[in-house]
**Q** 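My questions will all concern the structure given below.
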Amino acid sequence: MDQFCLDTPHEGFVDITAKVREIVRRSHIGQGICQVFIPHTTAGVTVNENADPDVVADMLAVLDRMVPNLPYRHREGNSPAHVKSSLVGCSISLPVVDDDLLLGTWQGIYFCEFDGPRRRNVWVQVMGS
Amino acid sequence: MDQFCLDTPHEGFVDITAKVREIVRRSHIGQGICQVFIPHTTAGVTVNENADPDVVADMLAVLDRMVPNLPYRHREGNSPAHVKSSLVGCSISLPVVDDDLLLGTWQGIYFCEFDGPRRRNVWVQVMGS
Amino acid sequence: MDQFCLDTPHEGFVDITAKVREIVRRSHIGQGICQVFIPHTTAGVTVNENADPDVVADMLAVLDRMVPNLPYRHREGNSPAHVKSSLVGCSISLPVVDDDLLLGTWQGIYFCEFDGPRRRNVWVQVMGS
């Protein structure tokens with residue numbers, strides 16, 4: 001398994017496509033899958049539009065609307081971040097073809113920070129078929 | 001990796017179980033996993049009830065309620081479709097046992113169109129264990 | 001593929017980390033991925049905070065707020081449970097390193113029951129890389 005670190009903003013989506021792609025290329029597995037796993041409970045990973053940064057801004061705004069500040073039981077004050085983490089998910093599997101990550105034209109991989117700023121880890125596992 | 005195309009409605013869930021199953025059977029991998037990946041940013045894939053079509057109709061209605069038309073920043077007018085894509089996800093892994101896809105009794109695989117009608121692609125990767 | 005059963009409450013998150021870990025250890029695959037798959041359409045699986053049980057209570061409360069009782073078309077009365085199942089997902093892939101499940105410090109694996117109480121199944125597939 002490979003991993004890398006990133007420093008995140010208070011709340012935001014960080015494009016990690018290039019870092020994941022580099023690990024996939026280095027692994028030379030030909031064909032298979034690449035698993036991106038986030039070992040944190042107030043962050044996540046998703047694939048979405050890589051061109052217009054307004055898309056991820058809109059996504060954060062809708063998530064805030066869906067998971068607002070309510071009188072939560074968890075005392076640390078970051079319950080919305082935990083919920084958002086489970087909504088987008090902490091694990092995603094991506095196709096590997098010809099020693100490279102294969103994504104759709106408009107797709108990028110985003111680390112989703114819901115409770116930053118922090119130093120975060122991303123775990124990447126590449127498996128051949 | 002295998003793939004197939006489908007023509008989608010304006011918004012709706014299209015059952016792709018039979019097409020995915022056919023690819024799994026043809027691959028003869030015995031036991032492993034089957035990854036279904038949607039290379040689009042305004043569509044997704046999910047597993048849900050295969051019997052009563054009202055279930056997926058209800059799901060679309062709730063998603064519309066959760067992600068309504070708001071003054072979004074993204075100018076193409078399809079921000080809700082991008083958000084729904086990340087909520088249901090663009091990638092799912094399914095079990096393969098005895099050269100066949102193994103699902104629960106009431107489960108079907110659905111392509112989720114949030115910004116159609118379009119011609120869409122589905123990528124399927126089958127990996128033996 | 002391995003599997004185990006559990007008896008669930010009316011609605012709630014059941015920690016299945018220990019059971020999944022036991023299957024991973026028994027499989028001796030060294031390095032790879034572990035797929036947890038829920039063969040039901042009114043339940044799901046997620047990874048989240050393993051320390052404070054208030055986190056999962058908050059999550060259930062927010063999901064209820066996001067997917068309330070509305071005049072649904074599906075007549076069985078459990079449409080919200082179907083929608084929640086697709087929101088959290090029925091399948092998750094987890095990293096395996098050194099013959100063991102590798103999770104973040106605060107992460108646990110939860111079976112998400114949205115329409116219990118029932119006897120439910122969990123399918124676990126471990127694949128070496």
Side-chain angles (χ1 to χ4, degrees), chain B residues 13 17 29-37 44-68 83-98 100-112 125-129, chain C residues 1-3 24 27-30 32-46 62-94 96 114-115 118 120-129:
Chain B
F13 284 32
T17 314
I29 63 128
Q31 178 151 320
I33 61 171
C34 165
Q35 180 197 46
V36 178
F37 185 84
V45 61
T46 197
V47 166
N48 217 302
E49 159 99 25
N50 60 9
D52 178 3
D54 282 344
V55 169
V56 297
D58 286 340
M59 203 168 308
L60 283 167
V62 177
L63 284 168
D64 269 343
R65 194 177 173 278
M66 284 167 49
V67 192
V83 178
K84 291 171 189 173
S85 172
S86 278
L87 287 177
V88 304
C90 70
S91 178
I92 197 164
S93 289
L94 309 164
V96 175
V97 176
D98 293 338
D100 204 354
L101 192 63
L102 194 65
L103 297 173
T105 312
W106 304 105
Q107 289 182 318
I109 311 165
Y110 288 92
F111 182 96
C112 311
Q125 184 96 287
V126 191
M127 298 194 33
S129 66
Chain C
M1 199 184 66
D2 282 82
Q3 59 179 305
V24 170
S27 73
H28 299 293
I29 65 128
I33 61 171
C34 165
Q35 180 197 44
V36 178
F37 186 83
I38 311 299
H40 307 289
T41 58
T42 53
V45 61
T46 196
V62 177
L63 284 168
D64 269 344
R65 193 179 175 278
M66 283 167 50
V67 192
N69 278 315
L70 298 170
Y72 293 105
R73 291 168 59 172
H74 181 52
R75 297 299 184 88
E76 291 178 30
N78 59 359
S79 271
H82 284 291
V83 178
K84 291 170 189 173
S85 171
S86 278
L87 287 177
V88 304
C90 69
S91 177
I92 197 163
S93 290
L94 308 164
V96 176
F114 300 120
D115 191 32
R118 300 197 196 210
R120 299 291 206 172
N121 298 302
V122 177
W123 296 349
V124 181
Q125 183 96 284
V126 190
M127 298 193 37
S129 67

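We use all heavy atoms of the structure for the numbers below, so side chains are in, but hydrogens, waters and symmetry mates are not. These numbers come from a predicted model, not from an experiment.
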**Q** With a 3.5 Å distance limit and no angle check, can you tell me whether B/Asp58 reaches the backbone of C/His74 through a side-chain donor-acceptor pair?
**A** yes
**Q** Taking ring-ring contact (aromatic ring centres under 6.0 Å, His included) as the test, write out the residues that go with C/His40, two or more places apart.
**A** none
**Q** Return yes if some donor-acceptor pair links the side-chain N/O of C/Ser91 with the main-chain N/O of B/Ser93 below 3.5 Å, else return no.
**A** yes
**Q** Quick one: are B/Val62 and C/Tyr72 in side-chain contact, heavy atoms under 4.5 Å?
**A** yes
**Q** Where does C/Val88 contact chain B at under 4.5 Å (heavy atoms): side chain, backbone, both or neither?
**A** neither
**Q** Over all heavy atoms of both residues, which pair between B/Asn48 and C/His82 is shortest? Give the atoms and the distance, please.
**A** ND2-O, 2.9 Å
**Q** Quick one: pull up CE in C/Met1 and CG in B/Asp98 and give me the separation to the nearest 0.5 Å.
**A** 9.5 Å
**Q** Taking all non-hydrogen atoms of both residues, which atom of C/Ile38 and which atom of B/Gln107 are closest, and how far apart?
**A** O-NE2, 2.9 Å
**Q** What pairs of residues pass the salt bridge (Lys or Arg N to Asp or Glu O under 4.0 Å) test when at least one of them lies in residues 71-88 of chain C, not counting sequence neighbours?
**A** B/Asp54-C/Arg73, C/Glu11-C/Lys84, C/Asp64-C/Lys84
**Q** Identify the residues of residues 30-37 of chain B whose heavy atoms come closer than 4.5 Å to a heavy atom of chain C, ordered by number, or report 'none'.
**A** B/Gln31, B/Gly32, B/Ile33
**Q** Partners of B/Asp100 by side-chain contact (heavy atoms from CB on, under 4.5 Å), sequence neighbours excluded?
**A** B/Arg21, B/Arg25
**Q** In Å and rounded to the nearest 0.5 Å, what is the CD to CG distance from C/Gln125 to B/Leu102?
**A** 9.0 Å
**Q** Minimum heavy-atom separation for C/Trp123 to B/Pro95, with atom names?
**A** CE3-CG, 3.8 Å
